[in-house]
2 protein chains.
Amino acid sequence: MARQGSLSANPAPSLRIGEVARRTGLPVKTIRYYCDEGLLQPKDRSAGGYRLFDEENLAELAIIRALRAMDVSIPELARILEVRRAGVCNCGVLKDSIAAKMESINLRIGELAAMKDELARLLSSWQDCGGSKLQR
Amino acid sequence: MARQGSLSANPAPSLRIGEVARRTGLPVKTIRYYCDEGLLQPKDRSAGGYRLFDEENLAELAIIRALRAMDVSIPELARILEVRRAGVCNCGVLKDSIAAKMESINLRIGELAAMKDELARLLSSWQDCGGSKLQR
DNA sequence: AAGAACCCTCCACTGGGTAGAAGCTTCACC
DNA sequence: GGTGAAGCTTCTACCCAGTGGAGGGTTCTT
């Protein structure tokens, strides 16, 4: 009964996990994992136990995807989303976490650049190796 | 008998794992782990079963440390060190792996820079948030 | 011979998923 | 109304590169 939205005037269409996966591009397993970790709370369950998602869940997944791509950890995300879910403005929390993330990105970029230089140095110092025995 | 080198003229002083840890700055557990994974082969064992390392092992650890810092994976390192141990010049292998690594570092730096820009944009667009309810 | 420092193996845990198994639900079509 | 396929459920186990601890043996110094 009441299958997939269009029968009722309810604006929440109750997407199932596969559809959410299709729309977000995330693997089904990953979405389930986010649910298990408390990042995502499906709005409902079907009589058979299927997770039912709504547009708000999609919005949350968009946030999760964006911040995960920036290496925000799952616990940190849980914190952020919880505050968000409580309806409180969490600009402060987000700003702190984003500022910290930018700092760590800067550090990481510096490290990577140093590595690259070192590798380039290494490569150029090897131009003369002929392919015989290695002198240890 | 023949404790810790100086009694014999042998140039290999048979370091124990703690001393190797001290010299390389790596945790004992990590060195043991590298042995388990086949990256490092202690030259000997004491009668009591202690791993005994030599200078060559230290050289290998230096390589491991340097390449691990550049995110070369353990299996890849195992491959590299195996070839090296066989006495064959593995400049080709190393060069390929280093070139690939530089490529991926470049990619990663680009990604990180893009993230940073996006985060900066995000931060600057939030200067006006007052701290009340979040409009979702 | 005692005691401190050192080392051994084995097992379990981390984070962020991913893979597969066994079984239940939903859907479209006939 | 029946059937097959797809989709879903939970559960367990695995990946990497280590790290932590338990429980017990070894080496060195005094």
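Proteins get letters first, then strands, A, B, ... in listed order; numbering begins at 1 in each.
The side chain to side chain donor-acceptor pair (under 3.5 Å) pairs that include a residue from residues 18-31 of chain B are B:Glu19-B:Arg22, B:Glu19-B:Arg23, where partners are two or more places apart or lie in different chains. Listed by first then second residue, pairs satisfying side chain to side chain donor-acceptor pair (under 3.5 Å) with a partner in residues 33-53 of chain B number zero, not counting sequence neighbours.
For the pair A:Leu58 and A:Phe53, the minimum side-chain heavy-atom distance is 4.5 Å or more. In this structure, the side chains of A:Ile63 and A:Leu81 come closer than 4.5 Å at one or more pairs of heavy atoms.
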Inset, instruction - Go through B:Arg85 and B:Glu82 one step at a time and tell me if the salt bridge (charged side-chain N to carboxylate O under 4.0 Å, His left out) criterion holds. - result: CA-CA 5 Å; B:Arg85 223 171 272 124; B:Glu82 193 181 353; over 6 Å; no
Legend entry - Worked check of salt bridge (charged side-chain N to carboxylate O under 4.0 Å, His left out) between B:Arg16 and B:Asp54: CA-CA 9 Å; B:Arg16 290 193 320 203; B:Asp54 62 5; over 6 Å; no
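The backbone N or O of A:Glu103 lies less than 3.5 Å from no partner atom in the side chain of A:Asn106, so there is not a single donor-acceptor pair.
Regarding A:Glu76, its CD atom lies at a distance of 11 Å from the P atom of C:dG16, rounded to whole Å. The interatomic distance linking B:Asp44 (CG) with C:dC8 (P) rounds to 13 Å, in whole Å.
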Inset, instruction - Sugar-phosphate means primed atoms, P, OP1 and OP2; the rest is base. With that split, encode nucleotides 3-19 of chain D 5' to 3' as B, S or - using protein heavy atoms under 4.0 Å. - result: ----BSBB------BBS
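A rotation axis mapping the C1' atoms of four pairs onto the next four is fitted at both ends of the helix from C:dA1-D:dT30 to C:dC30-D:dG1 over five pairs, and the angle between these axes is 10° to 10 degrees.
Listed by chain and number, the residues in a side chain to side chain contact (heavy atoms under 4.5 Å, CB included) with B:Ala59 are B:Glu56, B:Arg84 (sequence neighbours excluded).
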